[in-house]
Amino acid sequence: MSNAIPDKPALEGLEPKWGEVWEAQGTYRFDRAAALAAGPDCVFAIDTPPPTASGSLHIGHVFSYTHMDLAARFQRMRGQHLFYPMGWDDNGLPTERRVQNYYGVRCDPSLPYDPDFTPPFEGGGTGKPAEQVAVSRRNFIELCERLTVEDEQQFEDLWRALGLSVDWTQTYRTIGDEAQRVAQRAFLRNLARGEAYRADAPTLWDVTFRTAVAQAELEDKEMPGAYHRVSFHKPDGGTIEIETTRPELIAACVALVAHPDDERYQPYFGTTVRTPLFGVEVPVVAHHLAQQDKGSGIAMVCTFGDVTDVVWWRELDLATRPILGKDGRILAEAPEGIEGDGLAVYAELAGKTVFSAKARMVELLRESGDLIGDPRPITHPVKFFEKGDKPLEIVTTRQWYIANGARDEQLRERLLQAGRDIAFHPDFMRVRYENWVGGLSGDWLISRQRFFGVPIPVWYRLDEHGEPTGEPIVPSEDALPVDPSSMPAPGFDEAQRGQPGGFVGEVDIMDTWATSSLTPQIAAKWEDDPELFDLVFPYDLRSQGQDIIRTWLFSTVLRAELEHGTIPWKHAGISGFIVDPDRKKMSKSKGNVVTPQGMLDEHGSDAVRYWAASSRLGTDAAFDPQNPKQMKIGRRLAIKVLNAAKFVYSFPVPDGEAVVTDPLDVDMLATLGDVVRQATRAFEEYDHARALEVTEQFFWTFCDDYLELVKERAYGSTPGDAGDRVDGQASAVTALRRAVDVMLRLLAPVIPFATEEVWSWTHDSSVHRAAWPTVDELGVDAAPSGLLPLVSQALIGIRRAKTDAKASQKTPVAHATIAAPLLLAEAAADLKAVGRIDVLDIQQGDEVAVLAIELAPTPEG
RNA sequence: GGGCUCUUAGCUCAGCUGGUAGAGCGCCUCGUUUACACCGAGGAUGCCGGGGGUUCGAGUCCCUCAGGGCCCA
């Protein structure tokens, strides 16, 4: 049954009220049977960003997820079957770090499982490593599971409050068994096709988290440093002076390099010099990446100080002389080449951190006279793990990689073609994808030396000496998911773990992106439910923020291309980000963070959604928490919708067939027809902001002018001055109700709560499953005649005359003369009624102008 | 250093394929009109970042410079 129209409609309470109804009625549920019957073309599938469960949702999430929901709601109303799941990215380092701090624990895989373990804190941890209790891997993972489940519930609550129309029966977790199965299956297939491989290579390494990290996770930070001018010794006794910011790595030096065109150093190419203090003989070589104008123009190459060192080392085939360990300290053993007195110097450094090794080296170089002058302070970009707080080091380790086109021209071209096959909204965002693909410098490193993640599903055979040998052992796909560190390799017994002739399990896990790059496959239950998969894949829309084009968007395209040879989705909607009033990216450190929940509580969900909807895709939105203008406007719109609709529904409903006959009513509907056309096209083009703008603009004209003009007639209180006034009341009310019905649906994607409330006053079903409005249903087969704007202008003229006279708008007018196109006469009666004009003369004229107006004498009072 | 993007009213932003500058907020004035005071009516406000070019005509197209932002080096 329809809801009663309240006396005082209000926005308060609509979110929980309708949230419960939608849930109870399954309004947003994916109707699989109907979708199957209708076929894939009638399915609209959305690949949703799984937010990091351990992070916090911020205003930018609300912004982008609302954009996604606008498209979803539009498509649903157009009759598409929505496959709109939601996932949580709960695996990975961010969760581990949060768990460490929250519970005050740290993982030590060598410890046994303690079934009765109670963490020292519940949300009160200090985050200081010294106060953390070491726990077994299994205990640690249990805590991760516990906390993410709690976090995810809060996320879901927020999304429901925001009114996202996702199907909550279709949720997934990137640490869940289904996701693990998909991730491991995809990996095994990559491995079988040779796209996944294991290699020893210089690897970017975070010494805090003790894990390898990938190119996509890098972040440059400007850091203070200092150039140290240091002498290298030529065989003839002379010196070559280099400048370096990392003198502590001199022991790792394997060459000096200068630009091939640099005349200063050309004579030395092919010769050797000896390193200071250590006396190691290293070649002087030429390479175009050496910068002539930087420092002294000649640099030392170490294994490895930065990524350029890696390039030189590889391309110039230099020696390997590593001195840094995975803990970020100088290795105990001196590398090959350091002998005699050099060993004593090295012993002074061994075990030191990079920081203290540098200090000691400077002292030693100063004593030996190899340091020229004082170090010269500079700031320079240093590579960091985006979640780390110490500079990355480069160490050589054995890691797993997935091919990404960096070393394969053909694959790269296929990925670029995939980018061209996807419709980016806005289009220019494709460039960021292309830049990223073009700039890849190595294959995708997916192994992480961490705990809470999807295990890499392989084991290694041990030879009779207990050394790993041969190809990795892989499980069969139907055994997935597997955990090689707790399950025996196929064909082996657990007792053979670590024994000669037995096996060992891979202990590394996959980077979280190696799983979340498969969200389309996970949500569609790839291989586990082929019918569903074929129905929804490839998806229609990927919606996300611009900041994760290089990670999530790229990696998803890559996995789909490798596994399916197709694009994962047809459209990519890219949201901008939120900037504060100073046009700076919003950040927590500014202290002006507004929690999304607080925002929803304060302004209401419709208002917040309006704010998001009024920004186009790809455009950054300014947000000032002190002055949230757009939200106030959105709130006003939602309230106005409630009130205007209530008003319209208060007019007596005419008996008999509803026919719109009055020219003004016809013109209003014809104008609305244009609005429907424009809004529909805008939504089709993922331009929700434009759809909202044209709809909203019409709505205010409807309220301020049309509704004012016809309300007397709609009450049935205008006697009328012509024969056609007999149906005037019926015409007005019919047109009013028809217009409201259409406008509610146009606005439903943006303000789902207010529109649903109003819709319920006259309908039994949800507006969100109603058909998107069409021009045909307006029943007006005409282009706008221009009557409505004409009357609006005339009305403004009358109002202005009254304002100028400082009179109330209610003041009667004895006589008014208006120049206007004669079309205006068609609405003369309405104009007279709203202006309280006794006698109205309309004279032919091109422009609307009030020629004369005579207010009736105001009664004393 | 390379790429992308933005620069229009005090503020936030529209201006689609070139044809006389728009909205909302804010501001000023007025109005207790039975939909709405979380209201209504009216009004003022622009070298459309600078310079050059194409064109009968340029916020709109081209070049260039400056500044902001983002991404990549």
Side-chain angles (χ1 to χ4, degrees), chain A residues 5-12 215-216 218-220 289 291 293 307-308 381 383 426-441 545-550 574 576-577 579-585 603-604 607 610-611 614-616 618-624 627-651 678 681-682 685 687 689-690 692-694 696-697 700-701 703-705 707-708 711-712 714-715 717 736 740 758 795-812 834-836:
Chain A
I5 303 180
D7 288 339
K8 266 243 168 231
L11 297 178
E12 281 66 31
Q215 187 185 353
L218 299 187
E219 206 170 82
D220 275 359
L289 282 181
Q291 289 176 277
D293 54 351
V307 288
T308 319
K383 296 214 180 306
D427 191 61
F428 66 77
M429 285 294 177
R430 178 182 295 103
V431 177
R432 300 199 178 191
Y433 170 84
E434 289 173 342
N435 286 349
W436 178 252
V437 175
L440 287 167
S441 62
Q546 57 172 306
D547 49 331
I548 48 177
I549 290 176
R550 67 175 178 168
I574 312 292
F577 48 67
V579 293
D580 70 12
D582 303 327
R583 300 222 64 86
K584 290 284 186 316
K585 213 168 159 179
H603 304 285
Y610 175 94
W611 161 73
S614 56
S615 284
R616 290 170 305 162
T619 303
D620 299 346
F623 176 65
D624 181 357
N627 188 18
K629 281 187 220 160
Q630 287 297 310
M631 292 183 196
K632 288 182 176 166
I633 297 166
R635 186 174 174 79
R636 203 177 59 134
L637 173 69
I639 292 171
K640 190 79 172 182
V641 166
L642 295 177
N643 285 316
K646 176 177 150 57
F647 187 39
V648 166
Y649 293 143
S650 72
F651 300 125
Q678 290 179 59
R681 183 150 44 109
E685 293 166 356
D687 190 355
R690 179 161 183 77
L692 170 59
E693 191 195 335
V694 295
E696 188 187 12
Q697 217 229 310
W700 285 105
T701 302
C703 290
D704 294 344
D705 295 347
L707 193 42
E708 290 294 320
K711 69 181 180 188
E712 298 294 338
Y715 273 130
S717 57
L736 282 166
V740 167
V758 172
L795 181 57
I796 288 169
I798 303 285
R799 283 168 175 161
R800 181 190 303 181
K802 292 182 180 180
T803 299
D804 288 349
K806 295 188 192 294
S808 155
Q809 292 299 321
K810 181 164 69 166
T811 310
V834 68
R836 307 200 181 226

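All chains are named by letter (A, B, ...) in the order of the sequence lines, taking the proteins before the strands, and each is independently numbered beginning at 1. The figures here come from the full heavy-atom set of this structure, side chains too, leaving out hydrogens, waters and symmetry mates.
- Using atom C1' as the reference point in both U12(B) and U17(B), the two lie 27 Å apart (nearest Å).
- Ile639(A) comes within 4.0 angstrom of a base, heavy atoms only.
- For the pair Lys810(A) and A41(B), the criterion of a side-chain N or O lying under 4.0 Å from OP1 or OP2 is not met.
- Counting atom types as modelled, Glu708(A) pairs no side-chain N or O with a base atom of A41(B) as donor and acceptor under 3.5 Å.
- The phosphate of C25(B) has OP1 or OP2 within less than 4.0 Å of a side-chain N or O from Arg636(A).
- Comparing A14(B), G40(B), A37(B) against the side chain of Trp700(A) picks out G40(B) as the nearest.
- The gap from the C1' atom of G24(B) to that of C38(B) amounts to 16 Å, rounded to the nearest Å.
- Relative to the side chain of Ala622(A), the nucleotides G40(B), C13(B), A35(B) differ in distance, and C13(B) lies closest.
- Listed nucleotides C25(B), C70(B), G42(B) differ in distance to Thr803(A); the shortest reach to its side chain belongs to G42(B).
- For G15(B) and G22(B), the C1' atoms lie 7 Å apart once the distance is rounded to whole Å.
- A gap of 32 Å separates the C1' atoms of U33(B) and C11(B), to the nearest Å.
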State the dot-bracket string of RNA chain B. Criteria: Watson-Crick or G-U wobble, both atom distances under 3.5 angstrom; notation: ( ) intrastrand, [ ] crossing earlier pairs, | interstrand, . unpaired. (((((((..((((.....[..)))).(((((.......))))).....(((((..]....)))))))))))).
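- Annotation: the span from Glu708(A) atom CD to Gln809(A) atom CD amounts to 9.5 Å, rounded to 0.5 Å.
- Gln215(A) comes within contact range of the sugar-phosphate backbone alone, with a heavy-atom separation under 4.0 Å but no base atom that close.
- A distance of 11.5 Å separates CH2 of Trp436(A) from CD1 of Ile549(A), quoted to the nearest 0.5 Å.
- Contact annotation: Arg550(A) does not reach the phosphate of C71(B) (side-chain N/O to OP1 or OP2, under 4.0 Å).
- Residue Arg799(A) is in sugar-phosphate contact alone, with no base atom involved, counting any heavy-atom pair closer than 4.0 Å across all strands shown.
- Counting heavy atoms from C-beta outward, Gln630(A) and His603(A) have side chains that stay 4.5 Å or more apart.
- Around CD of Glu219(A), the count of heavy atoms belonging to other residues, nucleotides or ligands within 6.0 Å exceeds 12.
- Relative orientation of the Trp611(A) and Phe623(A) rings is tilted, given thresholds of 30° and 60° on the angle between their planes.
- Residue-to-nucleotide proximity on RNA chain B shows that, of Ile796(A) and Ile633(A), the 5′-proximal contact is made by Ile633(A).
- Within 4.0 Å of Leu11(A), counting heavy atoms only, lies no atom of the nucleic acid at all.
- Look at CG on Asp7(A): it is 11 Å from P on C36(B), rounded to the nearest Å.
- A sub-4.0 Å separation between OP1 or OP2 of C16(B) and a side-chain N or O of Arg690(A) is absent.
- Neither OP1 nor OP2 of C36(B) sits under 4.0 Å from any side-chain N or O of Lys711(A).
- Look at the C1' atom in both A73(B) and A66(B): the space between them is 24 Å, to the nearest Å.
- Rounded to an integer number of Å, the gap from Asp620(A) CG to U7(B) P is 12 Å.
- Side-chain contact between Glu696(A) and Ile633(A) is present, with heavy atoms from C-beta onward closer than 4.5 Å.
- With C1' as the reference atom, U32(B) and G40(B) are 11 Å apart, rounded to whole Å.
- Classification of Glu12(A) and Arg635(A) as a salt-bridged pair holds, one side-chain N sitting under 4.0 Å from a carboxylate O.
- Across A35(B), U5(B), G24(B), the shortest atom-to-atom separation from the side chain of Lys629(A) is found for G24(B).
- A donor-acceptor contact under 3.5 Å is not formed by the side chain of Arg432(A) with the base of C71(B).
- At a threshold of 4.0 angstrom between heavy atoms, the contacts of Lys802(A) with the nucleic acid are absent.
- Considering only side-chain atoms of Val431(A), the nucleotide from A37(B), G43(B), C4(B) that sits closest is C4(B).
- Evaluation of atom-type donor-acceptor distances gives no pair under 3.5 Å for the side chain of Lys632(A) against the base of C25(B).
- Using a 4.0 Å cut-off on heavy atoms, the residues of residues 642-651 of chain A that approach RNA chain B are Asn643(A), Ala644(A), Phe647(A), listed by number.
- Within the 4.5 Å cutoff, no side-chain heavy atoms of Pro426(A) are placed close to those of Arg616(A).
- Atom CZ of Arg636(A) is separated from atom OH of Tyr610(A) by 8.5 Å, given to the nearest 0.5 angstrom.
- Rounded to whole Å, atom C1' of G3(B) lies 13 Å from atom CD1 of Ile549(A).
- Nearest nucleotide to the side chain of Glu693(A), out of G31(B), G69(B), A14(B): A14(B).
- In this structure the side chain of Asp687(A) never reaches within 4.5 angstrom of the side chain of Glu693(A), judged on heavy atoms.
- Rounded to the nearest Å, the gap between the C1' atom of A58(B) and that of C47(B) is 15 Å.
- G59(B) has its base syn relative to the sugar, with a glycosidic angle deviating from 0 by at most 90°.
- C6(B) sits 34 Å from G43(B) when the P atoms are compared, rounded to a whole Å.
- In terms of position along RNA chain B, the nucleotide closest to Arg836(A) lies nearer the 5' end than the nucleotide closest to the other residue of the pair Arg836(A) and Glu12(A).
- Interatomic distance, Arg430(A) CZ to Ile574(A) CD1, rounded to the nearest 0.5 Å: 10.5 Å.
- Contact check for Phe577(A) versus Asp547(A): no side-chain heavy atoms found under the 4.5 Å cut-off.
- Ranking A14(B), A41(B), C4(B) by closeness to the Gln809(A) side chain, first place goes to A41(B).
- Here Tyr715(A) reaches the OP1 or OP2 of A35(B): one of its side-chain N or O atoms lies under 4.0 Å away.
- At least one side-chain heavy atom of Val758(A) sits under 4.5 Å from a side-chain heavy atom of Tyr649(A).
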